[in-house]
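Heads up: the structure comes next, in structure tokens.
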Amino acid sequence: MNSPPSEDVQTLMEAAHDRAAKALGLMCTGPLAWGFQGVTLGRQAGERWLRVGRTARRNAGRKQGEGIVGASLLVPDAVPRPRLYEVHDWTDGEWAFEAEVLDYVTHPVVSPERADLDRDPGLPAEWWADLRRALALLAGAEGVKVTVRDGWIERAFPQFLGIPAPAKVERATGHGDLHWGNLTTMPLTLLDWERWGLVPYGYDAGLLHANSLLVPDVADRIRLEFASVLDTPVGRVGELAALAEMLQAVARGWYPDLAPRLLARAESLTGVRPPVPVHSEVSA
């Protein structure tokens, strides 16, 4: 859960959430759950969860096969995630709003306050087996959206890793945002399906590993569980893409404690010390 945004954004999003709840006939209770920079706002509605997101009006309209609606149609039911029941979209002024009614997930998020880990959550072997199974099933789904685009990789590898971009990037269908704020404890549930699609092979495992570097035992467990992916040339490219994206976030002021571990991990894979991250607006 992120901190509340500015007062103006709070007012805008709370009004949008109230409007969606009224249109969908829902009575919401409990605390407000803010997404990054107030772009989304969620709240419990009985056994359901109402999530409202906003984007610029020029970007209005859901793209076929993408996002949570696309996941509900294309991702196997055996991949554990909140079920989607209904959507309600509208535009108002400069904004476009998208509302979704989902299952209310009662079991806790592994890291509700941050994407990376600062402690060992003590997850059982069954949890790790479930995660491997979920990602394997997801890899067999029909992905539509290209997440972490080739053009970004061409710019980001030299800028954030200090190495040339790979000549070819193998892709598989993946979650696209696999960090500890999007995973629950037992029973495993994968949350937030906005970025799912065709990701570099190894990217999901690499991103989760990068977000675990402050807790070496967990990072070691990920390398063990996903050795068949990460310990391959194509999987290494996916992990480097995840590291480049994390180092871009460092350049934007995020993950100050994690930054030295990210730099060290990248150097261990490439033999090249990455440049010190500097501010960048390059989008993945």
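- Of the possible donor and acceptor atoms, one in the side chain of T184 sits under 3.5 Å from a partner among the backbone N and O of P187.
- In the displayed structure, N59 atom CG is contacted under 6.0 Å by more than 12 heavy atoms of other residues, nucleotides or ligands.
- In this structure, R51 contributes its side chain and E98 its backbone to no donor-acceptor pair below 3.5 Å.
- Between the side chain of S212 and the main chain of V218, no donor-acceptor pair closer than 3.5 Å is present.
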Intermediate values then yes/no, side-chain contact (heavy atoms from CB on, under 4.5 Å), E142 and T173: CA-CA 7 Å; E142 179 189 354; T173 303; over 6 Å; no
CA sep, side-chain torsions, deciding dist, call: N211, L117, side-chain contact (heavy atoms from CB on, under 4.5 Å): CA-CA 6 Å; N211 277 285; L117 277 185; over 6 Å; no
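- Side-chain atoms of L135 and V229, non-hydrogen and from C-beta on, never get closer than 4.5 Å to each other.
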Verdict with reasoning, Y203 to E245, per side-chain hydrogen bond (donor to acceptor under 3.5 Å, both in side chains): CA-CA 10 Å; Y203 175 82; E245 192 170 274; 2.6 Å; yes
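- The closest side-chain heavy-atom distance from M246 to L258 is below 4.5 Å.
- Centroid-to-centroid, the aromatic rings of W152 and F157 stay 6.0 Å apart or farther.
- In this structure, D204 contributes its side chain and H175 its backbone to a donor-acceptor pair below 3.5 Å.
- A donor-acceptor pair is defined here as one N or O able to donate and one able to accept, closer than 3.5 Å; such a pair exists between the side chain of W196 and the backbone of G67.
- Of the possible polar contacts, one joining the R261 side chain to the L213 backbone as a donor-acceptor pair under 3.5 Å is found.
- Side-chain atoms of D120 do not come within 3.5 Å of backbone N or O of D217 as any donor-acceptor pair.
- I153 contributes atom CD1, which lies 10.0 Å from atom CZ of R149 (distance to the nearest 0.5 angstrom).
- Shown here for C28 and A21, the closest heavy-atom pair between the two residues is SG-CB, 4.0 Å.
- Under the side chain to side chain donor-acceptor pair (under 3.5 Å) test applied with H209, the options E225, R223, R221 reduce to a single match, R223.
- The backbone N or O of T147 lies less than 3.5 Å from a partner atom in the side chain of R171, making a donor-acceptor pair.
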Derivation and outcome, side-chain contact (heavy atoms from CB on, under 4.5 Å), residues W193 and V75: CA-CA 10 Å; W193 287 81; V75 174; 4.1 Å; yes
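- With H17 contributing its side chain and L32 its backbone, the two residues share no donor-acceptor pair below 3.5 Å.
- Counting only distance, with no hydrogens or angles, the side chain of W254 and the backbone of A251 share no donor-acceptor pair below 3.5 Å.
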Worked check of side-chain contact (heavy atoms from CB on, under 4.5 Å) between D118 and V215: CA-CA 6 Å; D118 61 354; V215 188; 5.6 Å; no
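- Note on ring orientation: taking the six-membered ring where Trp is involved, the planes of W90 and F97 are parallel (angle under 30°, cut-offs 30° and 60°).
- Under the side chain to side chain contact (heavy atoms under 4.5 Å, CB included) rule, L243 has a single partner from L269, L207, L263, which is L269.
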